[in-house]
Number of protein chains: 2
Amino acid sequence: MNIGQAAKASGVSAKMIRWYEEQGLIPGAARTEAGYRIYRAVDLDRLRFIRRARDLGFGVKQIGELLALWQDRTRASADVKRMALLHVEALEARITALREMAQSIRHLAAHCHGDARPECPILDGISGTRP
Amino acid sequence: MNIGQAAKASGVSAKMIRWYEEQGLIPGAARTEAGYRIYRAVDLDRLRFIRRARDLGFGVKQIGELLALWQDRTRASADVKRMALLHVEALEARITALREMAQSIRHLAAHCHGDARPECPILDGISGTRP
DNA sequence: TCTGGTGCTTCCCATCCTGGGAAGGTCAAT
DNA sequence: ATTGACCTTCCCAGGATGGGAAGCACCAGA
């Protein structure tokens, strides 16, 4: 299977497959004589794992750790759970930050007429004219 | 006022001040004969504006637009409000995505014993073993 | 006046993940 | 044999920030 087919089958673009290989997230693929990368079904499992982990917001480094845990038949589920919950906390921190931004802007916007007049509490708020 | 003092007074690091200048967000500062950038009080206003806008999650391009609106005494407040609410929507989209990630992980983790045993629904979920 | 410490300058690198595109080689079907 | 789709590597971009190096400028104290 060529990289393009592996990309379609796994949902990871060919570009990203090459990049994950470069980052050490997947082992260097076998090559044909012409230099084409060759993938087998088992490689697709790993790619799909990576894609799902990415969809869950894990970073490359964490995905590496998850892959190691996945391959380690003797790992304790506690190790995985700890990683997962730490990641949830990180996500929640980002959510909180974004929510505060949105709330601040909504607050400013609530006082803005939003008509043809130039007076604008939003710009006043950002500029500090109206603290 | 040197760039270091402007940085302290505005809350924008010297590095970022240079970068904003390069990006066209602030006009090229005047220079001493030795090449040092010179800032005046009015420049600080602009820097503080940028910092607050950044704190609200606006990107460089949007901050440029906000600055233009800020300087334009004849703009309609509706224009500003539209931008602000669009940005709120963008923030909410990101929040939603992050919340879905966190929720998915929490769901997987809820079924994970988190003890010394190797069985782990989290890894099963990511790998697709347990769809 | 010399000197040391601090601050300024530019330039490069790294992050984190993704995509675009160029130049050139390969494969398979016509 | 030609063509079109696919592969290879390499470079570039983004968006915002920080680290650090090499070299020059400034100021206070001896």
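In the text below, chain A, chain B and the rest are named by the order of the sequence lines, each starting its count at 1.
Per the geometry, CD1 belonging to I3(B) stands 5 Å off P belonging to dT9(C), to the nearest Å. Here the P atom of nucleotide dT6(C) and the NZ atom of K8(B) are 12 Å apart, to the nearest Å. The CD atom of Q23(B) sits 9 Å away from the P atom of dG15(D) (whole-angstrom rounding). Spacing between atom CD of E21(B) and atom P of dT9(C) amounts to 9 Å, rounded to whole angstrom units. Rounded to whole Å, atom P of dC11(D) lies 11 Å from atom CD of E22(A). We find that NE2 of H87(A) is positioned 14 Å from P of dC16(C), with the value rounded to whole Å. The interatomic distance linking R31(A) (CZ) with dT8(D) (P) rounds to 6 Å, in whole Å. If you measure from atom CE of M1(A) to atom P of dC7(D), you get 12 Å, rounded to the nearest angstrom.
Ion pairing of R40(B) with D43(B) is present here, as a side-chain N (NZ or NE/NH1/NH2) and a carboxylate O approach within less than 4.0 Å.
You'll find the side chain of Y39(A) reaches within 4.5 Å of the side chain of I17(A), heavy atoms only. Taking 4.5 Å as the limit, every side-chain heavy atom of K61(A) sits out of range of all side-chain heavy atoms of Q23(A).
Residue R94(A) places its CZ atom among 12 or fewer non-hydrogen atoms of other residues, nucleotides or ligands, all under 6.0 Å distant.
With sequence neighbours left out, the side chain to side chain contact (heavy atoms under 4.5 Å, CB included) criterion links M16(B) to V12(B), S13(B), W19(B), Y20(B). The side chain to side chain contact (heavy atoms under 4.5 Å, CB included) check on E92(B) picks up R106(A), V88(B), with sequence neighbours excluded. R37(B) pairs by the side chain to side chain donor-acceptor pair (under 3.5 Å) definition with E21(B), not counting sequence neighbours. R51(B) meets the side chain to side chain donor-acceptor pair (under 3.5 Å) test with D55(B); sequence neighbours excluded. Residues satisfying the side chain to side chain contact (heavy atoms under 4.5 Å, CB included) test with Y36(A), not counting sequence neighbours, are N2(A), T32(A), A34(A). Residues satisfying the side chain to side chain donor-acceptor pair (under 3.5 Å) test with Q5(A), not counting sequence neighbours, are none. Here T74(B) pairs with D72(B) under the side chain to side chain donor-acceptor pair (under 3.5 Å) rule; sequence neighbours left out.
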Identify the pairs formed between an N or O of the protein and an N or O of nucleotides 28-30 of chain C at a distance under 3.5 Å, and give each distance.
none

Taking only N/O atoms, report every protein-nucleotides 24-27 of chain D pair under 3.5 Å with atom names and distance.
{"residue": "dA25(D)", "atom": "O4'", "partner": "Y36(B)", "partner atom": "OH", "Å": "3.3"}

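Note on the helix from dT1(C)-dA30(D) to dT30(C)-dA1(D): angle between the axes of the first and last five pairs equals 30°, rounded to 10 degrees.
Pairs of residues two or more places apart, or lying in two chains, that qualify as ring-ring contact (aromatic ring centres under 6.0 Å, His included) and include a residue from residues 76-96 of chain B are F58(B)-H87(B).
Here R54(B) does not reach the OP1 or OP2 of dA16(D): none of its side-chain N or O atoms lies under 4.0 Å away. Of the side-chain N and O atoms in R51(B), none sit less than 4.0 angstrom from OP1 or OP2 of dT17(D).
The stretch residues 11-20 of chain A comes close to DNA chain C through S13(A), K15(A), M16(A), W19(A), Y20(A), each having a heavy atom under 4.0 Å from the strand.
H111(B) approaches P121(B) most closely through the heavy-atom pair O-CG, 3.0 Å. Residue D45(B) comes nearest to W70(B) through the heavy atom pair O-CH2, 4.0 Å, listed as atom of the first residue, atom of the second, then distance.
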